[in-house]
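What follows is a single structure, written as structure tokens, with notes after it.
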Amino acid sequence: MKEFNLAGTLRSEYGKKAAKGLRKQELVPCNLYGNGTNVTFTVKVNDVRKLIYTPDTQIVNLSIEGKECKAVVKELQFHPVTENILHIDFLQVTEDKPVTVEIPVQLEGHAEGVKAGGKLQLVTRKLKVKALYTNLPDRIVVDVTPLGLGKKLQVADLKYDNLEIVNVKTQIVAQVKATRQSAQAAAV
């Protein structure tokens with residue numbers, strides 16, 4: 001899994017008025033939770049852009065005024081109109097305690113149903129995975145080669161070492177839908 005370095009400074013003032021003032025200074029209010037820790041700090045907006053605006057899930061090496069720790073982004077809040085970053089919650093991770101994060105799905109292979117005229121659809125773009133942070137992959141690679149026309153691949157069909165997929169077992173990950181042309185070819 002990719003790592004991202006981020007430096008922050010501790011916050012001394014709290015509340016809506018203080019947070020609004022921080023945002024005017026191009027700072028983002030943040031919290032760090034986990035392992036009995038609750039730290040409030042700020043980071044620069046430009047420092048977190050490459051962390052937030054990417055499809056990848058990353059381990060964050062946080063440095064808050066000299067104290068180092070590893071964390072993952074737990075929650076993001078955006079302004080409903082301007083879409084500016086309002087707040088970030090980080091969850092501290094350790095090597096002995098599993099963490100639940102969303103990992104992007106990547107389809108691999110050429111489905112049998114596509115060869116028959118169907119259309120492959122990626123239904124679930126991210127899956128929630130529970131694992132030690134050292135075992136988290138960059139992407140969950142799903143082989144769609146055996147998928148036939150009209151067939152679906154569900155979460156229950158996926159098996160990975162050292163990972164537990166937390167999503168509902170009946171949730172569809174990918175499917176091959178029949179197109180008009182494939183339906184007409186089957187009727188003839």
Side-chain angles (χ1 to χ4, degrees), residues 1-107 121-142 155 160 162-168 171 173:
M1 177 163 268
K2 296 177 183 175
E3 294 194 5
F4 186 85
N5 296 322
L6 185 62
T9 54
L10 289 172
R11 261 171 51 188
S12 57
E13 295 181 14
Y14 307 101
K16 288 182 183 181
K17 188 174 182 181
K20 205 174 211 180
L22 290 171
R23 291 185 192 110
K24 284 183 181 177
Q25 300 172 31
E26 296 287 315
L27 297 173
V28 179
C30 302
N31 287 340
L32 174 66
Y33 301 106
N35 300 331
T37 307
N38 187 0
V39 179
T40 56
F41 61 100
T42 60
V43 294
K44 295 178 184 174
V45 172
N46 290 335
D47 291 348
V48 294
R49 288 194 195 281
K50 290 185 179 177
L51 173 68
I52 304 303
Y53 300 112
T54 179
D56 299 326
T57 304
Q58 302 177 22
I59 297 294
V60 181
N61 295 320
L62 275 175
S63 174
I64 305 169
E65 294 187 1
K67 293 186 178 180
E68 305 275 332
C69 69
K70 292 189 181 287
V72 292
V73 175
K74 188 67 176 170
E75 184 179 349
L76 292 168
Q77 293 177 2
F78 293 96
H79 190 277
V81 177
T82 63
E83 294 189 10
N84 292 335
I85 304 167
L86 294 179
H87 185 82
I88 305 172
D89 282 339
F90 291 95
L91 178 65
Q92 187 173 355
V93 295
T94 58
E95 292 188 16
D96 60 341
K97 190 174 179 184
V99 64
T100 304
V101 293
E102 286 189 331
I103 306 285
V105 175
Q106 178 181 343
L107 301 181
Q121 282 187 323
L122 175 62
V123 178
T124 305
R125 295 186 182 280
K126 290 188 175 188
L127 290 173
K128 278 190 179 183
V129 173
K130 184 176 182 180
L132 297 174
Y133 86 88
T134 54
N135 294 333
L136 290 173
D138 288 336
R139 300 186 183 282
I140 296 177
V141 179
V142 178
V155 171
Y160 296 98
N162 301 323
L163 291 179
E164 177 189 344
I165 300 176
V166 183
N167 295 63
V168 179
Q171 183 174 347
V173 177

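All of these numbers come straight from a predicted model, not from anything done at the bench.
N35 and T37 form no side-chain donor-acceptor contact under 3.5 Å, judged by distance and modelled atom types alone.
When all heavy atoms of K2 and D138 are compared, the pair lying nearest together is N-OD1, 3.1 Å. Across all non-hydrogen atoms, the minimal contact from N135 to A131 is CB-CB, 4.5 Å. Annotation for E68 and S63: closest pair OE2-OG, 3.2 Å, computed over non-hydrogen atoms. The two residues F41 and G8 have their closest heavy-atom pair at CD1-CA, 4.2 Å. Nearest heavy-atom pair across A18 and E13 is CB-CB, 3.7 Å. Across every non-hydrogen atom of A71 and L32, the tightest pair is CB-CD1, 4.0 Å.
Put simply, OG1 on T9 and NZ on K44 are 8.5 Å apart, with the number rounded to the nearest 0.5 Å. We find the CG-CG distance between L86 and L22 to be 12.0 Å, quoted to the nearest 0.5 Å. Expressed to the nearest 0.5 Å, how far CG of L127 lies from CD1 of I165 amounts to 5.5 Å. Of the inter-residue distances, the one linking L62 atom CG with N5 atom CG reads 9.5 Å to the nearest 0.5 angstrom. Interatomic distance, I88 CD1 to Q77 CD, rounded to the nearest 0.5 Å: 10.0 Å. Rounded to the nearest 0.5 angstrom, Q92 CD and N38 CG are separated by 11.0 Å.
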Apply side chain to side chain contact (heavy atoms under 4.5 Å, CB included) to residues T42 and Q25 and explain how you reach the verdict.
CA-CA 11 Å; T42 60; Q25 300 172 31; over 6 Å; no
Start with the C-alpha gap between V39 and L10, add the side-chain angles, then the distance that decides, and say whether side chain to side chain contact (heavy atoms under 4.5 Å, CB included) holds.
CA-CA 8 Å; V39 179; L10 289 172; 3.5 Å; yes
Intermediate values then yes/no, side chain to side chain contact (heavy atoms under 4.5 Å, CB included), F90 and V72
CA-CA 6 Å; F90 291 95; V72 292; over 6 Å; no
Using the rule given for side chain to side chain contact (heavy atoms under 4.5 Å, CB included), can you reason through R23 versus N84, listing the C-alpha separation, both sets of side-chain angles and the distance that settles it, and then say yes or no?
CA-CA 9 Å; R23 291 185 192 110; N84 292 335; over 6 Å; no
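Without hydrogens or angle criteria, N167 side chain to K128 main chain gives a donor-acceptor distance under 3.5 Å. At least one donor-acceptor pair under 3.5 Å links the side chain of Y160 to the backbone N or O of V141. A donor-acceptor distance shorter than 3.5 angstrom exists from the side chain of T57 to the backbone of E102, with no hydrogens or angles considered.
Counting non-hydrogen atoms of neighbouring residues, nucleotides and ligands closer than 6.0 angstrom, the CD atom of E65 exceeds 12 such neighbours.
Electrostatic pairing of K70 and E3 counts as a salt bridge here, judged by a charged N lying under 4.0 Å from a carboxylate O.
Between H87 and N31 there is a side-chain heavy-atom pair separated by less than 4.5 Å. Annotation: side chain of R139 is in contact with side chain of D56 (closest heavy-atom distance under 4.5 Å).
The side-chain contact (heavy atoms from CB on, under 4.5 Å) with V28 is formed by just one residue from the set I52, L76, I85; it is I85. Applying the side-chain contact (heavy atoms from CB on, under 4.5 Å) test between P98 and each of V129, L132, N162, L136 identifies L132 as the sole match.
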